[in-house]
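What follows is a set of notes on a single structure, which appears directly below.
Sequence positions, counted from 1, serve as the residue numbers for this chain. Counting convention: from 1, in listed order, for ligands and their atoms alike. In this text, all values refer to a predicted model and were calculated from it rather than measured experimentally.
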Amino acid sequence: MVQKPIIALDFPDRGTAEQFLQNFQDEQLFVKVGMELFYKEGSAFINWLKSQGHNIFLDLKLHDIPNTVYSAMKVLAGLGVDMVNVHAAGGYKMMELALKGLEEGTPKGMERPILIAVTQLTSTSEEQMQSEQLIDRGLKDSVLHYAKLAFAAGLDGVVCSALEAREISKITSQEFLKVTPGIRMEGDSSHDQSRIVTPRDARKLEASHIVVGRSITQAGDPLQAYEQVKLEWEMK
Ligand SMILES: O=c1ccn([C@@H]2O[C@H](COP(=O)(O)O)[C@@H](O)[C@H]2O)c(=O)[nH]1
């Protein structure tokens with residue numbers, strides 16, 4: 001089944017986010033809440049989104065020592081969101097403990113949130129990665145390496161560019177999720193993203209999910225922009 005595009009709710013506060021969501025009336029969406037909105041509004045906003053029937057990816061990208069991530073994941077597991085994430089650069093042990101924390105923290109009768117790991121941010125270019133992270137390899141090698149590590153640690157998938165999705169499937173499994181931000185419609189500004197792909201190409205490249213922010217949230221008609229993204233994404 002094709003998953004709904006995930007809309008990145010990159011807004012400063014709950015009021016702005018709720019106003020944006022009014023464009024979609026009763027449609028049940030898959031939304032992403034990032035650091036900005038979560039740090040401002042906390043779990044009350046998550047509860048409200050759930051009460052509206054939306055699926056939620058809580059995008060906090062945890063990256064700390066294994067024990068700290070383990071404890072934090074135990075808390076996040078209680079929020080009832082559908083998806084959470086860590087940075088794969090935190091390492092194998094950190095990812096393993098993130099998963100353990102989620103498993104232990106998920107209340108009885110609830111499903112454990114999907115756990116994915118960021119490989120290389122879609123804003124990162126090969127040159128930037130080599131000069132700033134001192135990685136003396138191609139960017140794809142680094143993404144594939146992190147994907148393999150996340151797979152070995154038992155995670156459900158990764159955040160990557162759709163450009164890397166097909167190769168990740170080959171070295172992990174078809175079911176391993178490839179959640180792909182950096183999505184732009186033809187002709188849209190890339191803003192601060194480096195590795196961008198259209199919804200149509202993301203589908204062809206076998207991404208399992210697309211994450212779309214500004215192409216929808218900053219559109220004159222967000223509902224129409226969402227419908228267009230969805231149409232391209234669902235067309236094979
Ligand atoms: O590698 C990553 C990981 C996360 N993101 C997040 O996705 C959205 C993308 O927003 P756009 O406006 O469509 O660029 C944003 O919330 C990022 O924090 C990412 O872009 N790349």
Atom indices of ligand 1, in the order listed, that fall short of 4.0 Å to a heavy atom of [X]:
| X | value |
| --- | --- |
| Arg214 | 11 (P), 12 (O), 13 (O), 14 (O) |
| Pro181 | 2 (C), 3 (C), 4 (C), 5 (N), 7 (O), 19 (C), 20 (O), 21 (N) |
| Leu121 | 1 (O), 2 (C), 3 (C) |
| Val159 | 1 (O), 3 (C) |
| Gln193 | 9 (C), 14 (O), 19 (C), 20 (O) |
| Asp10 | 15 (C), 16 (O) |
| Ala8 | 8 (C), 16 (O) |
| Val211 | 7 (O) |

task = Look at the side-chain heavy atoms of Ile, Leu, Val, Met, Phe, Trp and Tyr, link any pair under 4.5 Å apart, and say whether Ile135 and Leu149 land in one connected group.
result = no
inquiry  = If the contact criterion is a heavy-atom separation under 4.0 Å, does Lys61 count as touching ligand 1?
reply    = yes
ask   = Can a non-hydrogen atom of Arg184 be found less than 4.0 Å from any atom of ligand 1?
value = yes
query = Do Arg214 and Gln193 touch side chain to side chain, with heavy atoms closer than 4.5 Å?
reply = yes
ask   = Is there side-chain contact between Val69 and Leu97, with at least one heavy-atom pair below 4.5 Å?
value = no
request  = Using the six-membered ring wherever Trp is involved, compare the ring planes of His87 and His63 and label them parallel, tilted or perpendicular (cut-offs 30° and 60°).
outcome  = tilted
task = Could you tell me how the ring of Phe20 sits relative to the ring of Phe11: parallel (under 30°), tilted (30 to 60°) or perpendicular (over 60°)?
result = tilted
message = Is it the case that atom NZ in Lys148 sees more than 12 heavy atoms from other parts of the structure closer than 6.0 Å?
response = no
Geometry only, no angles: is [X] polar-contacting ligand 1 at N/O separations under 3.5 Å?
| X | answer |
| --- | --- |
| Gln120 | no |
| Asp192 | no |
| Val118 | no |

Thr119 to Ala147 - nearest heavy-atom pair and separation = CG2-N, 4.1 Å
query = Which pair of heavy atoms, one from Ile56 and one from Ile46, lies closest together, and at what distance?
reply = CD1-O, 3.7 Å
